[in-house]
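Numbers restart at 1 for each chain; the letters A, B, ... are given by sequence-line order, proteins then strands.
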Amino acid sequence: MSEHALGARGALASPEPIRARLPRVNLSQYRRFISPLVIVLLWQAASMAGLISPRTLAAPTTILASAWELVLSGELPRHLLVSLGRVASGLAIGVTTGAALALVAGLSRLGEEVVDAPMQMLRTLPFLALVPLFILWFGIGETPKIALVALGSAFPVYLTLFAGIRGVDPKLMEAGKVFGLDRRGLVRHVVLPAALPSGLVGLRYALGSAWLSLVIAEQINATAGIGFLINDARDFLRTDVIVVGLLVYALLGLSADALVRAFERRALAWRPSLVKG
Amino acid sequence: MSDNRAVSVRSLTRRFGTNTVLNALDLELEPGSFTALLGRSGSGKSTLLRTLAGLDPAPADAEIRVPASVAVAFQEPRLLPWKKVWQNVTIGLPGSGAKARAERALAEVGLNRHTEAWPATLSGGEAQRTALARALVREPRLLLLDEPFAALDALTRIRMHALVLDLWRVHTPTTLIVTHDVDEAVLLADRVLVLDAGRIAADIPVEMPRPRSHGDSRFVALRRRLLSELGVEAEVIREAA
């Protein structure tokens, strides 16, 4: 750009710098959404022109209408609650177990020897491959579904929390000791707060893993839940309902992640990156 | 206590592998005295301080007596980043009234406006003053300072020297500062010890009224003597001056 153009723009912008700047910021924010929007519009146009058969993929407007219908009829909320229940119970079991094992392995040498080796071996197993075994052990009811979610979420929590506990700055431990903290005090005031950031990263991984487990688990002979909604729609070639189910999975994953991040902002308010804000 | 020694160490030997860091060291500190411990890196001065602080195990054949209440300030402030400034000061203190005590200690080091701040927002000097408040709030009879000002900028260090002297006058703990800075030792202490080859190689009283000035001829003479004790050649001293 020539100096002239720069000078002219600067002169124009200077009397009302705020009004001149605001729209530009907004544009760059919204620019990211332009290409997805164009894709959806093209998709809609192709559907209306008959280029995409509804059996292959329903039109966006059809999907929206179906979603609205499913909400109004109470069908979507009912299945959503079932799926949420499975994830909540699975996560509660998985996160508790993972955290407890990490504490045992992280806080004592004996615990590490007993717990860590089997955990490291088990984590190399792709846990979704355990589905056939789980069906044999737990049947096809709720148990294998919750167990799969629990298994998927336990490992990320275990691995990150264990690493966090072992990564505590020994200089802080020493300071804690000098200033009179006993073992319990050290764990409570030094070890656990130091391990929390890494544990929360693990929790976010665990949530991702939990949704993935749920998707797989709900393919096992489910009679309710978002997965059932999707499978049922498949039998009737309802691609619109299938896409609604997929969108719900995506929204659930996003909101769970947002929840953990909101908790992080509160619990880790001391971190330098957050302190300045 | 049967005698009036605040700190008494007899025949303390510490070895790391084949390396003898402290060799049958004897040390006695008067109650309420301010002593500086000088030495080259690796001379064992930090090991001695850590043994007095109870951070390194004392060997069975050594005789070590320290007061019941000992507090340490390290080279790094070592504040817990997830605890507010006042909570860092009260760490390990039992029970009620701890916050009020922390606030008093923080006021003494000039940080009363930062009691609710996170350590990450403090400057290096402020963090080190918090560490001093954390040591003082315990009313220690022995205050151990392990190169506490080495990481601070020169101006902050000057202020910290004045602060430490003020606090020492008010609270009168027996104070031992480990440093490799000869000027710091002469400015602050009543007595300077030079540690070499695991023993106290020199034990020099500092008989100068405070506040002391670098320009004082006694200061210059003492500084030169200590530098030569530390093995810095006379020509180097002259050139630097």
Item checked: Over 12 foreign heavy atoms within 6.0 Å of CZ, A:F138 -> yes

Check: What is the distance from atom CG of B:N88 to atom CZ of A:F179, rounded to the nearest 0.5 Å?
Finding: 10.0 Å

Margin query: With heavy-atom distances below 4.5 Å as the criterion, would you say the side chains of A:L196 and B:W82 are in contact?
Written below: no

Notebook entry, point to check: If every non-hydrogen atom of B:L79 is compared with every non-hydrogen atom of A:L172, which pair is closest and at what distance?
Noted result: O-CD2, 3.5 Å

Check: Are B:F74 and A:K171 close enough, and set up right, to give a side chain to side chain contact (heavy atoms under 4.5 Å, CB included), and what steps lead you there?
Finding: CA-CA 10 Å; B:F74 300 96; A:K171 289 183 167 182; over 6 Å; no

Check: Closest heavy-atom contact between A:H189 and B:L80?
Finding: O-CD1, 3.8 Å

Check: Above 12 or not: heavy atoms from other molecules or residues under 6.0 Å from CZ of B:F16?
Finding: yes

Next item on the list: Using non-hydrogen atoms and a 4.5 Å limit, figure out which bit of B:Q87 sits close to chain A: side chain, backbone, both or neither.
Entry: neither

Check: Taking everything shown except B:R15 itself, do over 12 heavy atoms lie less than 6.0 Å from its CZ?
Finding: no

Checklist line | Proximal component of B:R78, with respect to chain A [non-hydrogen, under 4.5 Å] | finding: both

Note to self: To the closest 0.5 Å, what do you measure between NZ (A:K177) and CG (B:L55)?
What the structure shows: 7.5 Å

Next item on the list: Below 4.5 Å from any heavy atom of chain A, which atoms of B:K84 appear? Answer side chain, backbone, both or neither.
Entry: neither

Notebook entry, point to check: Where on A:A194 is there a heavy atom nearer than 4.5 Å to chain B: the side chain, the backbone, both, or neither?
Noted result: both

Next item on the list: Measure distances from B:I91 to the heavy atoms of chain A and classify the residue's part below 4.5 Å as side chain, backbone, both or neither.
Entry: both

Next item on the list: Determine whether more than 12 heavy atoms belonging to other residues, nucleotides or ligands lie under 6.0 Å from atom CZ of B:R159.
Entry: no

